[in-house]
Protein chains: 2
Amino acid sequence: MTHCTPAQTAVLNTLRQQNQPISAQALHGQMRTQQRIGLATIYRALDALKRLGRVQHRTTLAGETLYNTVEQDQHYLTCLHCGQSFPLKACPLKGLQLQPQPSNSFEVFYHTLEFFGLCQPCQVETTPEEKHLEV
Amino acid sequence: MTHCTPAQTAVLNTLRQQNQPISAQALHGQMRTQQRIGLATIYRALDALKRLGRVQHRTTLAGETLYNTVEQDQHYLTCLHCGQSFPLKACPLKGLQLQPQPSNSFEVFYHTLEFFGLCQPCQVETTPEEKHLEV
DNA sequence: TTAGAAACGATAATCATTATCATTTCTGTA
DNA sequence: TACAGAAATGATAATGATTATCGTTTCTAA
Ligand SMILES: [Mn+2]
Ligand SMILES: [Mn+2]
Ligand SMILES: [Zn+2]
Ligand SMILES: [Zn+2]
């Protein structure tokens, strides 16, 4: 219990090789070609890594959960109309200092940050009254 | 199709009355005491409001999806050990300008932002090597 | 070795969310 | 007003990602 199990290590390494967040099932499909591993073990490993602060996840509009390592500090603009996601070039929180918090010493491992709105092409198909903030 | 359906309006108003994000089922349980409304309609309304950029949602560590209006721009510190969530006093992105993006004119309606780590009490039960960033 | 603990794989069970479909309500027109 | 087609709704069945279960295997430490 002191360190990662073999499965956890394997999952973490496979996640590191991805250049995009990936679902648990896709991860399984990818890993099982290399080694014998059960889907339940993937979920167990992802959960453990999550609680260790090594892996994070986001949920797409379609409802699928995508995992990635905390190191790849990546955020997306997601279009509410067509569902496409566009990666940000940099993390907007880089170098940002959080205000002192409730118990004033919460230890932050990582964060999730996503933006939702309309991509360029989808904006034209939208009525003016629905428009909000331009960025 | 030009405007909200009665159900969408009702859901949005009920969401506004909440001072915390709430699950679809809890929302249903709360609304059905006031009026006859089906759970499917709640989900349909939430989905429509989501795509209109009026409602957002987050997924807890336990896997439940919680909804809230975009106006209540609220973010949380969530402890990976005990699962408790602590609200931030203010949005760290307030007044922040996004860098020019891919198609350079993505229209942002709202954002989601969450922090994960260890709360004060849970930090003491943790070995030093697992410690990360102090905030 | 060997006993107990932890991890694992296969698969059954769960449960939030979606899809279906018959019914009701709306909207515009004759 | 009466009516036809469209949209919305509620009840409920189906789906599918995640979790629980359980028998087996692997690890750990005496
Ligand atoms: Mn970031
Ligand atoms: Mn905010
Ligand atoms: Zn789009
Ligand atoms: Zn805690």
Side-chain angles (χ1 to χ4, degrees), chain A residues 1-15 18 20-52 54-68 78 80 83 112 127 130, chain B residues 1-15 18 20-52 54-68 78 80 83 112 127 130:
Chain A
M1 209 253 281
T2 51
H3 217 241
C4 284
T5 70
Q8 284 165 29
T9 303
V11 164
L12 190 57
N13 284 331
T14 308
L15 274 183
Q18 311 300 316
Q20 286 191 358
I22 185 177
S23 74
Q25 309 231 3
L27 203 53
H28 182 228
Q30 188 167 319
M31 292 182 69
R32 71 183 314 176
T33 68
Q34 313 276 112
Q35 63 196 284
R36 169 186 161 84
I37 189 170
L39 178 57
T41 302
I42 304 269
Y43 277 109
R44 278 190 283 245
L46 284 173
D47 185 63
L49 291 168
K50 232 163 44 181
R51 278 177 293 117
L52 285 172
R54 313 292 299 276
V55 159
Q56 65 179 154
H57 63 99
R58 71 191 186 100
T59 307
T60 69
L61 291 182
E64 59 176 350
T65 306
L66 304 181
Y67 300 84
N68 65 275
T78 298
L80 293 168
T112 64
T127 69
E130 296 184 55
Chain B
M1 208 251 280
T2 51
H3 218 241
C4 283
T5 70
Q8 285 165 29
T9 305
V11 164
L12 189 57
N13 284 332
T14 309
L15 275 183
Q18 312 300 316
Q20 285 190 359
I22 186 177
S23 74
Q25 310 232 5
L27 203 53
H28 182 228
Q30 188 167 317
M31 292 183 69
R32 71 183 314 173
T33 67
Q34 313 277 111
Q35 63 196 284
R36 167 187 164 84
I37 189 169
L39 179 56
T41 302
I42 304 268
Y43 277 109
R44 278 190 282 246
L46 284 173
D47 185 59
L49 292 168
K50 230 163 45 182
R51 280 177 294 118
L52 285 173
R54 314 292 299 276
V55 159
Q56 65 179 153
H57 63 99
R58 69 189 188 102
T59 307
T60 69
L61 290 182
E64 61 177 348
T65 305
L66 304 181
Y67 299 84
N68 65 276
T78 298
L80 293 168
T112 63
T127 67
E130 295 184 57

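Here is the naming used below: chain letters follow the sequence lines, and residue numbers restart at 1 for every chain.
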Measure the distance from CD on A:Gln25 to P on C:dA10 and round it to the nearest whole Å.
15 Å
Value in whole Å for how far the P atom of D:dT9 lies from CD1 of B:Ile42:
10 Å
Side chain of A:Ile37 (C-beta onward), nearest among C:dC8, C:dG9, C:dT17:
C:dG9
Which nucleotide sits closest to the side chain of A:Tyr43: D:dT18, D:dA11, C:dC8?
D:dT18
First of B:Gln8 and B:Leu61 reached from the 5' end of DNA chain D, by closest nucleotide:
B:Gln8
Rounded to whole Å, the NE2-C1' distance (A:His28 to D:dG16) equals 16 Å
On the side chain of A:Arg44, is there an atom forming a donor-acceptor pair with the base of C:dG9 - under 3.5 Å, no angle test?
yes
So what does A:Thr65 touch, heavy atoms closer than 4.0 Å: a base, only the sugar-phosphate, or nothing?
sugar-phosphate
In whole angstroms, how far is the C1' atom of D:dT18 from the OH atom of A:Tyr67?
8 Å
Between C:dA10, D:dT12, D:dT9, which one does the side chain of A:Arg36 approach most closely?
C:dA10
Ignoring hydrogens and geometry, is there a side-chain-to-backbone donor-acceptor pair from B:Thr41 to B:Ile37 under 3.5 Å?
no
Taking atom C1' of D:dA20 as reference, at what distance in whole Å does atom CG of A:Leu39 sit?
13 Å
Below 4.0 Å: OP1/OP2 of C:dC8 and any side-chain N or O of A:Thr41:
no
A:Ala7 vs B:Gly63, nearer the 5' end of DNA chain C by closest nucleotide:
A:Ala7
Quick check: are there more than 12 heavy atoms from other residues, nucleotides or ligands sitting under 6.0 Å from CD of B:Gln20?
no
Would you kindly give the CD-to-P distance between A:Gln35 and C:dG9, to the nearest whole Å?
8 Å
Under 3.5 Å donor-acceptor, A:Gln34 side chain and A:Gln30 backbone:
no
Less than 4.5 Å apart, side chain to side chain, heavy atoms only: is that true for B:Thr9 and B:Asn13?
yes
Take the protein atom CG of A:Asp47 and the nucleotide atom P of C:dC8, then report the distance between them rounded to whole Å.
13 Å
Quick one: is C:dA6 close enough that its OP1 or OP2 comes under 4.0 Å of any side-chain N or O from A:Thr5?
no
Rounded to whole angstroms, how far apart are NZ on B:Lys50 and P on C:dT18?
6 Å
Report yes if some heavy atom in the side chain of B:His28 is under 4.5 Å from a heavy atom in the side chain of B:Tyr43; otherwise report no.
no
